[in-house]
Amino acid sequence: MEAYRRGRDRLCGLRLVHTHLSHEPLNDDDLTDLALLRLDCVAALEALEDGLPGVVFQAHLLPDNPDERPWEILEPVSVHDLPDDFPSMIEALDEEFVRLRRARPAEDNRDRAILVNVSQDTLTAAEDSLAELRELARSAGIEVVHQIIQRRPADPRFVMGKGKLKATLIKAMQLGAEVVIFDLNLTSAQVASIASYTDLKVLDRTQVILDIFAQHAKTREGKIQVELAQLRYLLPRLSAKHTALSRLAGGIGGRGPGETKLEVDRRRAKDRIAQLSHEVKKLGSRRKLRRGKRVRRSLPNVAIVGYTNAGKSTLINNLTQSHVDAEDALFATLNPVSRRLRFPHEREVILTDTVGFIRNLPKDLMEAFKTTFEEVGEADLLLHVLDASSLDVDTKWETVRGLLAELQLDAKPMIVLLNKSDRCDAQHLQGLAARYVGVPICARDRTTFEPLITRMAQYLWPESDGNIPTE
Ligand SMILES: Nc1nc2c(ncn2[C@@H]2O[C@H](COP(=O)(O)OP(=O)(O)OP(=O)(O)O)[C@@H](O)[C@H]2O)c(=O)[nH]1
Ligand SMILES: [Mg+2]
């Protein structure tokens, strides 16, 4: 089949013609092959007792349609009545597929993905989780064309029911999706069984997060951390005999180690892990040295922490008039960035922006997080930026609290900032302010910073009673 893959947008150019010994129509297997192999057509020719051909049962695929019909089963006709313009019929069909899928600007060559959530959570929880996966996909540069929720315990082999998996793959075929992203972390057995059904890229949530990190890592240390996390995550998933990962030739999930490279010499991959870990350690001790110098200057350290996309970088930018990358994407910031913040009376603090938190943080990335948060370990005060306008603000709060505890930072004094106050109504904000003892701010608007500055000063220089006019 390899030679007949003509890209996601077309039928594969092969027709499956076979005989059925009794007067049986096309069966389930025939139709599944038709869909998953993207055959031009599947035909079963009835073999009569005398050996002569009887009727032909035929089916072909259908482009995406409102009735969600994957294929068209044609009326059986005698083999002598088959139309002889078959090629032009297939060509027209092929063009229809291409036309429907190209309904987007030609320069848009993002991967198209179907998102799948399989869980026994409440529907709202599943939808929230999918909304976040959608954001993750968007931040990774993927276009989401469809999403599916199935409420059941995840199947150890196929994640979803086998029938539902087939339906999902057919939908992907119809919509021209190249990627199926599962909203959970796949086991190697699941990757293997799903891959045996399809040549689509099969990814999970962690791989999307790792991919965003790979795209955003700019410093040497950041790149090493990400490669290390990718290797650690992928290596155990290569143990089963499967090919899903080798299909990650490029694009999403393809930045990082490919399977062939790893399979050729797994020991080399392990050596690479050892070597990278060593380098991370070396860079870590160098950083400690640098930090030592800063500590000696004995300026108070204030760290900005919070869920990803909460507005941490926007805040540091507007507090210190600097230009840290801030954008509407998850994990825009990967490396901690420090800036000086001047207070009146010649006082200064070091303000540090950090990488954002996210729920179900992959374990392998937690290591990378730990190093970037070493610096925060010396902070005198944390500013916890909460996106007050987000629907699941409480879950985000819990997630950040949990991760801070894991990083042993939960005992630090902390000011909670209710950010994006411009997008909240007053009542909602009041409720949150009471619940979290939070200070409402709008990180985009410097005129809202005064209560924050006062609270910070109260913490840092209690003797002056926070009674400091802002600049
Ligand atoms: N409406 C509104 N938008 C805001 C506010 N603060 C930040 N944003 C927007 O929220 C988005 C995320 O802001 P960032 O500052 O990049 O968030 P972050 O917490 O640094 O995110 P990561 O580094 O990706 O974890 C950007 O599009 C900001 O412009 C605010 O107070 N109001
Ligand atoms: Mg940021």
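Order of appearance sets the numbers: ligands from 1, and atoms from 1 within every ligand.
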Report task. Please report the number of protein N, O or S atoms that lie less than 2.8 Å from the Mg ion (ligand 2). Result ->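 Under the 2.8 Å cut-off, the count stands at 2.
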
Would you find a donor on one side and an acceptor on the other, under 3.5 Å apart, between the side chain of [X] and the backbone of [Y]?
X      : Y      : result
Asp380 : Asn301 : yes
Lys412 : Gly377 : yes
Ser421 : Ile441 : yes
Thr308 : Gly356 : no
Gln190 : Arg157 : no

Query - ring-ring contact (aromatic ring centres under 6.0 Å, His included) involving Phe158 - partner list, sequence neighbours excluded - result: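 With neighbours one apart ignored, the set is Tyr197.
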
Query raised in the report: Taking the six-membered ring for Trp, are Phe343 and Trp461 ring centroids under 6.0 Å apart?
Result: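 Yes, ring centres under 6.0 Å apart.
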
Requested in this report: Run the ring-centre check on Phe357 versus Phe331 and record whether the distance is less than 6.0 Å.
Outcome: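 For Phe357 and Phe331, the ring centres are not under 6.0 Å apart.
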
Query raised in the report: Contact residues of ligand 1 with a heavy-atom cut-off of under 4.0 Å?
Result: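 Protein residues near ligand 1 are Thr308, Asn309, Ala310, Gly311, Lys312, Ser313, Thr314, Ala326, Glu327, Asp328, Ala329, Leu330, Phe331, Ala332, Thr333, Gly356, Asn419, Lys420, Asp422, Arg423, Cys442, Ala443, Arg444.
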
Report task. Not counting sequence neighbours, which residues clear salt bridge (charged side-chain N to carboxylate O under 4.0 Å, His left out) with Glu135? List them please. Result ->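 So Glu135 forms a salt bridge (charged side-chain N to carboxylate O under 4.0 Å, His left out) with Arg138.
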
